[in-house]
Undergrad: 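One structure, as structure tokens, below. Some questions next.
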Amino acid sequence: MLDYLAKRALGGLVTIIIVVTAVFFATRLSGNAVEFMLPPGSDPAVQAALAAHYGLDQSIWMQFVRYIQGMFVGDFGISLNERRSVLLIFAERLPNTILLFSYALALAVVIGVPLGIIAALDRKGPAGSSIMTLAFVGYATPNFVLAILMILVFSFQLHWLPSSGASSPLHFLMPAVVLSLPMLAEIVRFTRNAMLDVLAQDYLRTARAKGLSERVVIGKHALRNAAVPVVTIIGLQVAGMVARCVLVEAIFATKGVGDLIVFATIGRDYPVLQFGVILIAVLVVVVSLIVDLLYAVIDPRVKVAAT
Amino acid sequence: MTKSVLLALGAALFGTTALAAAEITIGTQNMSSYVDPGRDHSNVGSQNYVNAFDPLIQKDYTQAGAIFSPGLATEWEQTSPTTMEVTLREGVKFHDGSEMTAEDVVFSFHRIIDELTPEYKSIKTQFFGNFAKVEALDTYKVLFTTHKPEPLFEILLNAQQGYIVPKNYIMGLTGDPAVAEIADFEAFALKPVGTGPYQITAFQPGENLTYARFDDYYGDKAPLDGFEMRRIAEMATRLTALANGEVEIITNVPPDQLATIESTPNLRVEGAVTPLFHVVIFNAMNPKLADSRIRRALSLAIDRDLLNEALWLGEAVVPSSHTYAQFGELYMPELDTFEYDPEKAKALLAEAGYDGSPIRFDTDAVYYTNGLLAAQAIKEMWATVGVNMELNVTNEWGDLANLETRNWSNPMYFADPAGSYGTMWAPGGARIGNTWQPNAAYEGMWDRFRYSTDVAERKAAYAEIMAYVKEEAPVLPLYQPYESYGVSTKVEWKPLPGHIPYVLDFRAGSIAVTE
């Protein structure tokens, strides 16, 4: 087990090193950062002085070495736009993204898993068909379209919900619903398919033959075995948290890291952009590892050390 | 550092992200990443300063002209063409509780004059290039000395960049409290302190800025308990927040949204023509546009009145020259520097032997309201005189050496031609030497205009400069845009004509909440 963990951790580290290197050079190819630190068309001499102050006039290799050195002591640099620690900026905003995503994921799981089970159990019935139709609609609807529609109905027309901000749980309701819909649709589809596979297995017929109630057959025997692919898809969604939040955060102005990364990209704020991409990479690596470990917990037949 | 990161993380996770209650909230399109009046001349920054800082000399902002009144200075006297003696108001408190003295005034100006950061160097060039030194004569007396005669002392001492900031507070923010370091100014820009009727209580760069009434303010007390400026970048969300009662004022409303606001109960539109020109720059230093006849032709081919009717519903102002009503005696609408004459444009192109090669026009897709639409219309106007425009939509401002033509803005930084035309086109200005190199006589014209203390002589020199600009065509001001705000009917507020562009003035007499 420990051997497996060490191997996976090493693999994750290599992935992160590749990401750090790629993002460092890619951001610098995207344009001149100093141009965005000053009002448009500022004096070239002032731009040069500012570049020198932030070490942006050094060779790209020297900048890379300095960046890596800083990383080892937990220094991810200063935002060129806000002129303060990148870590501090992310620390302020990450909680909003985590909150928003947690609400959305909870909604998606709490509603999506039961709907997926119902859709499997009533595969050819009206309930199953309706759920799958809704799931496909949910999956196919771009979240910015739904966001604008919800704002128009619940804020502009009915005045029931705030349209922007992050100062109370109510502010997260609409963005969480919008964010949850495609995740919910995916969970419904995967739960249904996994359940259909399991429902066809001999051991379920055996369970029923033993006289177990349908609740125990489905809840204990079928669902547990169907959980592995569902956990995988939830894991993938958590890994993609930041990317999924970008548009929703921009529309509802919930002040999260997705929004931050978009503006850092537009404004060539290299240190913020670099840390954002590294954060996403770390998230993907860590969540993948956790999901693998969860397999063993859910299904004792899976021996992680052997995989 | 680790501690502050953990504190920020904890504060956000445990539900203290809610900002302090504000009496009104303003939904803004953009929010600055720093707040320092001396470092800033951006359009978005103009929103931040007037409520929390004071100049030495105040003015009546309810009218376009210049009527000055005491601010942090109670008296001022120009003792010679190059010196101004200022007597400070006693007992003025900064928001950190310290008293404002002559030391603070000297520090506020010398951080810029001495170029203590690269950005201050830029501000010095555009505002205080003529200032040689600022000295404290005693605790409440300051002497300003300039290199050349200075006719604009009052105007410059009223400018945002000359707002007074606290010396000891700033120098004590980082490192050695006896030394003004760059890090001090960067820390100040995140925790700003002024003397104004509101103090800044919270600032999240790029997101929101919160103000509360400062009870120790020396002048008329602030009419609001406080207010919050919150960035809501999306227009649809900003408008909804206004309709939903989440915010009371929204900024940067494009013309096509005005009817929606007007037709929504409890909302109205307020607006004003802004002292800012959207301009087209013609790079005279690019070989393709080196012949002034081609630049003049491009300028003469643009029907600015049509652009105004089509894009601004006729509410913008199309100028006859580079001049604003705010210039007072220097306002010169009688000059005919910029005209529309497509026939003359065709003749000039033929005379110059224009070979039909494409001329690139750079524009950002969204940076200027109607910027892209105007560029597309100009493309058609140029086509009618035989010029082939290559429209290049980009968010890069790029290397000026490669620039051919592009849109830009030329705001009024202070109420004089030197504070608008001059910021770009004075000798040593931002565009001189990179998109236009005027002749040797130009510097003499400029010096007569800029440093003469006789108004008639200044006007004559400026007319001469404009005549030269007409021949050279380095720039064409398209129009002064009509800037619109969406406002809740429970708030009585409108932009005041005496301010520079985009100022949100909530001082005594400028705003009232009726319910």
Side-chain angles (χ1 to χ4, degrees), chain A residues 31-32 35-53 74-75 78-79 81-85 87-96 98-99 147-148 151-152 155-157 159-169 250-253 255 259-260 263 266-267, chain B residues 1-2 4-9 11-13 17-19 27 33-34 40-43 45 115 117-119 121-122 125 182 186-187 189-190 204-208 230-234 236-241 243-247 264 281 364 367 395-398 400 408-409 424 430-431 434:
Chain A
N32 178 11
E35 205 177 73
F36 291 85
M37 296 169 76
L38 294 163
S42 294
D43 184 352
V46 175
Q47 289 192 24
L50 212 54
H53 180 64
D75 176 8
I78 303 285
S79 158
N81 185 32
E82 299 188 20
R83 318 281 175 93
R84 60 191 185 123
S85 157
L87 279 184
L88 191 64
I89 295 171
F90 273 84
E92 280 177 1
R93 288 176 172 253
L94 194 55
N96 279 349
I98 292 173
L99 268 182
I148 298 289
I151 285 174
L152 277 174
S155 298
F156 197 85
Q157 296 294 338
H159 303 300
W160 287 356
L161 292 170
S163 61
S164 65
S167 55
S168 76
I251 293 170
F252 290 99
K255 302 174 200 166
D259 193 24
L260 177 68
F263 277 90
I266 295 168
Chain B
M1 166 53 70
T2 310
S4 54
V5 169
L6 290 176
L7 281 174
L9 198 59
L13 270 178
T17 49
L19 291 158
S33 56
Y34 61 89
D40 201 350
H41 60 96
S42 65
N43 292 341
E115 304 174 10
T117 71
E119 289 99 333
K121 175 181 163 57
S122 171
T125 307
I182 289 183
E186 296 196 335
L190 297 170
Q204 190 177 10
E207 290 297 346
N208 39 30
R230 184 194 301 165
R231 180 177 71 95
I232 308 176
E234 283 296 312
T237 316
R238 210 156 63 241
L239 179 54
T240 303
N244 203 20
E246 296 165 59
V247 303
T264 305
I281 297 241
D364 189 287
Y367 189 82
N395 71 343
E396 296 268 1
W397 291 74
L400 287 174
W408 215 302
S409 73
M424 276 191 164
R431 298 285 68 80
N434 50 54

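Throughout, protein chains are lettered first and strands after them, A, B, ... in sequence-line order, and every chain is numbered starting at 1.
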Undergrad: Measure distances from B/Thr117 to the heavy atoms of chain A and classify the residue's part below 4.5 Å as side chain, backbone, both or neither.
TA: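 It is neither, since no heavy atom gets under 4.5 Å.
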Undergrad: Mind checking the OG1-CZ spacing from B/Thr264 to A/Phe156? Nearest 0.5 Å is all I need.
TA: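 B/Thr264 OG1 to A/Phe156 CZ: 4.0 Å, rounded to 0.5 Å.
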Undergrad: Considering all heavy atoms of both residues, which atom of B/Ala236 and which atom of A/Ile148 are nearest to each other, and what is their separation?
TA: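 Looking at all heavy atoms of both residues, the closest pair is CB-CD1, 4.4 Å.
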Undergrad: Below 4.5 Å, heavy-atom pairs only: which of B/Ala241, B/Gly45, B/Pro205, B/Ser409 has the largest tally toward chain A?
TA: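 Result: the option with the highest number of such pairs is B/Pro205.
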Undergrad: Would you say the side-chain atoms of B/Thr237 pair up with the backbone N or O of A/Ile251, donor to acceptor, closer than 3.5 Å?
TA: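 Side chain of B/Thr237 to backbone of A/Ile251: a pair is present.
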Undergrad: Does a side-chain heavy-atom distance below 4.5 Å link A/Asp259 with B/Arg231?
TA: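 A side-chain contact under 4.5 Å exists here.
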Undergrad: At a heavy-atom distance under 4.5 Å, which candidate from A/Ile151, A/Ile89, A/Asn81 has the highest pair count against chain B?
TA: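 Among A/Ile151, A/Ile89, A/Asn81, the one with the most close pairs to chain B is A/Asn81.
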Undergrad: With a 4.5 angstrom heavy-atom cut-off, is it the side chain or the backbone of B/Arg238 that approaches chain A, or both, or neither?
TA: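 Contact with chain A: none, neither part.
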Undergrad: Suppose we screen for salt bridge (Lys or Arg N to Asp or Glu O under 4.0 Å). Which residues come up paired with B/Glu246, at least two apart in sequence or across chains?
TA: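 Not a single residue meets the salt bridge (Lys or Arg N to Asp or Glu O under 4.0 Å) criterion with B/Glu246.
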Undergrad: Given that the side chain runs from C-beta out, which part of B/Ile281 has a heavy atom under 4.5 Å from chain A: side chain, backbone, both or neither?
TA: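 For B/Ile281, there is no contact with chain A at all, as no heavy atom is under 4.5 Å.
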Undergrad: Looking at residues at least two apart in the chain, or sitting in another chain, which of them share a salt bridge (Lys or Arg N to Asp or Glu O under 4.0 Å) with A/Glu82?
TA: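 Residues passing salt bridge (Lys or Arg N to Asp or Glu O under 4.0 Å) with A/Glu82: A/Arg84.
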Undergrad: Go through A/Ser163, A/Ala49, A/Ala253 and name the one with the most non-hydrogen pairs under 4.5 angstrom from chain B.
TA: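 Max contact count across the listed options: A/Ser163.
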Undergrad: If you define the side chain from C-beta out and look only at heavy atoms, does anything of A/Lys255 sit under 4.5 Å from B/Asn208?
TA: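 Yes, close enough: below the 4.5 Å cut-off.
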Undergrad: Look up atom CG in A/Leu161 and atom OG1 in B/Thr240, then write down how far apart they are to the nearest 0.5 Å.
TA: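 Separation between the atoms: 12.5 Å.
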Undergrad: Does a side-chain heavy-atom distance below 4.5 Å link A/Ser164 with B/Glu234?
TA: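 No; the side chains remain at least 4.5 Å from each other.
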Undergrad: Is there a side-chain contact between A/Glu92 and B/Glu207 (heavy atoms, below 4.5 Å)?
TA: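 They are not in contact (no side-chain heavy atoms under 4.5 Å apart), so the answer is no.
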Undergrad: Below 4.5 Å from any heavy atom of chain B, which atoms of A/His53 appear? Answer side chain, backbone, both or neither.
TA: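 Side chain of A/His53 only, per the 4.5 Å heavy-atom cut-off to chain B.
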Undergrad: Looking at B/Glu119, B/Gln204, B/Lys121, which one has more heavy-atom pairs under 4.5 Å with chain A than the rest?
TA: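 With the most close heavy-atom pairs to chain A, the winner is B/Glu119.
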